[in-house]
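Take a look at the structure set out below.
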Amino acid sequence: MDVTVSEASEEDAPLIADLTRKAWEDRCPPTSHGHFDTADRVLTDLHEGGAFILWVDDKPAGSIRWAPTDEDDGIWKIRRLGVLPEYAGQNLSQYLIEACINRARLSDIAEMRLFLPPWLEPQTRFYEAYGFEHAPEIEFTLRNPLEPPPIMMRKNLEY
């Protein structure tokens, strides 16, 4: 299996939106925003931050996005990490999170943040392995009011 990660361009917006919708299908409640992802939403994320695409044997298999928080350009929020169901269980998400962490370090970002909906609570162990810590004091302002509050996590990149 040949696994690569590439940085996304504006032309990749429709692909990333499609990957997100397919990765979330049958895995997240129907109210989750990822089910309604669009190329326009992805373009906004690309303009504000960026994205990576995961490729397995030259086929798109997943994606991750990041953007600065509204409060601080030195803090990035990770958005929409997802791998297609046919690639689940193969530890491929690690390539996306590692690429995002490396990009943040190269960009002198002080902190990374993410939120997990409660139904993804088991995934906290995955992020903890990369140095993310629970951060209940952080309020996620853009959360879906139809869903319970998310689990907030952060990773300090300053040494």
Exercise for the section: To the nearest 0.5 Å, tell me how far Met153 CE sits from Tyr127 OH. Expected result: 9.0 Å

Exercise for the section: To the nearest 0.5 angstrom, please state how far the CZ atom of Arg113 sits from the CZ atom of Arg79. Expected result: 15.0 Å

Practice task
Using the test side chain to side chain donor-acceptor pair (under 3.5 Å), find all partners of Arg103 that sit at least two apart in sequence or belong to another chain.
Solution key: Glu7

Practice task
Could you grab the distance from atom CG of Leu114 to atom CG of Leu81, nearest 0.5 Å is fine?
Solution key: 9.0 Å

Exercise for the section: Keeping the roles fixed (side chain from Asp57, backbone from Met1), state whether a donor-acceptor pair exists under 3.5 Å. Expected result: no

Exercise for the section: Answer yes if the side chains of Asp12 and Ser9 hold a donor-acceptor pair under 3.5 Å, and no otherwise. Expected result: yes

Handout entry: Atom of Ala51, atom of Ile16 and distance for their closest heavy-atom approach
Key = CB-CD1, 3.9 Å

Practice task
Show your reasoning for whether side-chain contact (heavy atoms from CB on, under 4.5 Å) applies to Glu10 and His47.
Solution key: CA-CA 8 Å; Glu10 289 183 2; His47 289 157; 2.7 Å; yes

Completion exercise
So CG of Asp18 and OG1 of Thr38: to nearest 0.5 Å the spacing works out to 12.0 Å

Practice task
Establish whether Ile64 and Ile75 are linked, either directly or via other cluster members, by ILVMFWY side-chain heavy-atom contacts under 4.5 Å.
Solution key: no

Completion exercise
Nearest heavy-atom contact between Cys100 and Ile78 is SG-CG1, 4.3 Å

Problem - Shortest non-hydrogen contact from Leu96 toward Phe52 - result: CD2-O, 4.0 Å

Exercise for the section: Kindly indicate whether the side chain of Phe115, heavy atoms from C-beta on, has any atom under 4.5 Å from the side chain of Ile151. Expected result: no

Completion exercise
Residue set satisfying side chain to side chain donor-acceptor pair (under 3.5 Å) with Arg65, at least two apart, ordered chain then number -> Thr20, Asp37, Asp45

Practice task
Looking only at non-hydrogen atoms, find the nearest pair between Pro118 and Pro150 and report the distance.
Solution key: CD-CA, 4.3 Å

Practice task
Assess whether side-chain contact (heavy atoms from CB on, under 4.5 Å) is satisfied between Leu46 and Val42, documenting all intermediate values.
Solution key: CA-CA 6 Å; Leu46 290 173; Val42 174; 4.1 Å; yes

Practice task
Flag the pair Val5 / Ile53 as yes when at least one side-chain heavy-atom distance between them is below 4.5 Å, and no otherwise.
Solution key: no

Problem - Glu86 CD to Lys22 NZ distance, which is reported to the nearest 0.5 Å - result: 8.0 Å

Handout entry: Counterpart residues, side chain to side chain donor-acceptor pair (under 3.5 Å), relative to Glu98 (two or more places apart)
Key = Tyr130

Practice task
Give the intermediate values and the outcome of side-chain contact (heavy atoms from CB on, under 4.5 Å) for residues Ser93 and Phe126.
Solution key: CA-CA 9 Å; Ser93 295; Phe126 168 77; 3.8 Å; yes

Exercise for the section: Could you walk me through whether Val56 and Asp2 pass the side-chain contact (heavy atoms from CB on, under 4.5 Å) test, one step at a time? Expected result: CA-CA 6 Å; Val56 176; Asp2 181 37; over 6 Å; no

Practice task
Could you check if a side-chain atom of Ile101 sits within less than 4.5 angstrom of a side-chain atom of Met112, using non-hydrogen atoms only?
Solution key: yes

Exercise for the section: Hey, could you give me each pair passing salt bridge (charged side-chain N to carboxylate O under 4.0 Å, His left out) that has a residue in residues 118-138? Not counting sequence neighbours. Expected result: Glu137-Arg154

Practice task
Would you name the heavy atoms of Gly62 and Leu19 that are closest together and state the gap between them?
Solution key: O-CD1, 3.7 Å

Exercise for the section: Could you note down all residue pairs passing ring-ring contact (aromatic ring centres under 6.0 Å, His included) where residues 67-110 supplies at least one of them, sequence neighbours left out? Expected result: Trp66-Trp76

Exercise for the section: Could you tell me which non-hydrogen atom of Ala13 sits nearest to which non-hydrogen atom of Leu43, and how far apart they are? Expected result: CB-CG, 3.8 Å

Exercise for the section: With sequence neighbours left out, write down each residue that passes side chain to side chain donor-acceptor pair (under 3.5 Å) with Ser6, or none if nothing qualifies. Expected result: Trp55

Problem - Check: Asp70 and Lys77 side chains under 4.5 Å, non-hydrogen atoms - result: yes

